[in-house]
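For ligands, and for the atoms within them, numbers begin at 1 and follow the listed sequence.
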Amino acid sequence: MAKILVTGGAGYIGSHTCIELLDAGYEVIVFDNLSNSSEESLNRVQDITQKSLTFVQGDIRNADELDRVFENHSIDAVIHFAGLKAVGESQEKPLIYFDNNIAGSIQLVKSMAKAKVYTLVFSSSAAIYDEDNISPLNEQMPTGIPSNNYGYTKLIVEQLLQKLSASNPEWSIALLRYFNPVGAHKSGRIGEDPQGIPNNLMPYVTQVAVGRREKLSIYGNDYDTVDGTGVRDYIHVVDLANAHLCALNNRLQSKGCRAWNIGTGNGSSVLQVKDTFEQVNGIPVAFEFVARRAGDVATSFADNSRAVAELGWQPQYGLEDMLKDSWNWQKQNPNGYN
Ligand code: NAD
Ligand code: WQD
């Protein structure tokens, strides 16, 4: 069975993808510097699957460390999650984001080319779409310059990978444009464990529910949406993990560089998320309305028909499952992996 290098595999989406890879019989080598994760997630992945993986602690910006991984293992393909993702922090520390996300990705493809490994699945984001596009967003719609440096790094890496692929037909690259990943593995043993104050809605909701935060601030209730709050396409992390397997299978059979949206195609408002969370889990979530957050759009959801048609992928989980599974993880692990 093929050997897959998973950069950033100890993180939230990476750890869920490792489970799917191991369950499908792939050999997995995780390469992660643990800057935003803990090796405990990988212990649990191995417990859940009853299969072992190889963990190498290292940084994608370090050529020697990466080259050594390719020398020591005959890697068939790479799934590249490693990077930094905090939108606010990317505004304060742009160089750290350019370095980790852009320079790190360049180093990764250099090491891949040196090792003659040309199959890559890259974690991109819906943040690369021009803000003026009207949802559902499809892959042909124009990209724009994202309002934050995090999103900008994703756009730059997408463009570099497209040019790289155009320059050498050996490359086979999937750009997966994630919408809003939430939820956790059904065991509740692995999940999202943000450091410090969460930036994203879902971990904020679960931390209020578990008593770690006083109340949720809802950013704006005067958008032109169903109830005035922002609408997003939440996607279960297990469905997202599965999309990586489908993309990997597709890329192992064809060449070139292609983008796929990974979302459910359904939009939910912040109030719908909060209310549904309360209903399905029986836990109140205190909240207040505050001003809009800079850079937010009213509505963003996917047209996922390309992924469904070309990857044979189909999301299995709805909003209720996502909210039950997020809570199942949080209540079993009130302080995350700590
Ligand atoms: P995460 O922070 O949980 O995982 C990222 C992992 O990469 C962490 O384990 C971290 O330690 C590691 N890492 C960071 N910099 C590294 C480096 N220089 N060298 C080696 N390892 C490094 O984040 P996640 O939510 O699992 O996201 C995974 C990928 O998906 C990221 O590239 C992220 O930008 C992208 N993405 C995430 C979302 C989301 O909402 N979670 C949405 C769109 C795209
Ligand atoms: C969702 C909705 C907020 C927090 C970001 C990145 C994107 C991708 C996913 C990846 C919005 C509202 C949020 C809170 C709130 N990132 N909200 N109170 O902004 O769609 O996307 O995460 O790595 O690139 O931009 O996700 O979860 O932050 O917000 O009211 O405390 O919840 O305004 O409408 P977003 P989010």
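Within 4.0 Å of ligand 1, counting heavy atoms only, the contacting residues are Gly8, Ala10, Gly11, Tyr12, Ile13, Asp32, Asn33, Leu34, Ser35, Asn36, Ser37, Gly58, Asp59, Ile60, Arg61, Phe81, Ala82, Gly83, Lys85, Asn100, Ser123, Ser124, Ser125, Tyr150, Lys154, Tyr178, Pro181.
In terms of protein heavy-atom proximity, atom 27 (O) of ligand 2 is closest to Leu201 N, 2.8 Å. Nearest non-hydrogen protein atom to atom 36 (P) of ligand 2 is Asn200 ND2, 3.4 Å. The closest protein non-hydrogen atom to atom 28 (O) of ligand 2 is Arg293 NH2, 2.8 Å.
Scored by the side chain to side chain donor-acceptor pair (under 3.5 Å) test, His185 finds Ser187 as partners (sequence neighbours excluded). Under the rule for a side chain to side chain donor-acceptor pair (under 3.5 Å), His16 has no partner lying at least two apart in sequence or in another chain. For Asn266, the side-chain contact (heavy atoms from CB on, under 4.5 Å) partners at least two apart in sequence or on another chain are Thr264.
Within the structure, the closest approach of Tyr234 to ligand 2 falls below 4.0 Å when heavy atoms are considered.
In terms of polar-atom proximity, defined here as any N/O pair under 3.5 Å, Asn148 makes no such contact with ligand 2. Backbone and side-chain nitrogen or oxygen atoms of Tyr204 are examined, and none is located within less than 3.5 angstrom of a nitrogen or oxygen of ligand 2.
Shown here for Arg212 and Gly336, the closest heavy-atom pair between the two residues is NH1-N, 4.1 Å.
Relative to the six-membered ring of Tyr223, Arg292 meets both conditions, a distance below 6.0 Å and an angle of at most 45° to the axis.
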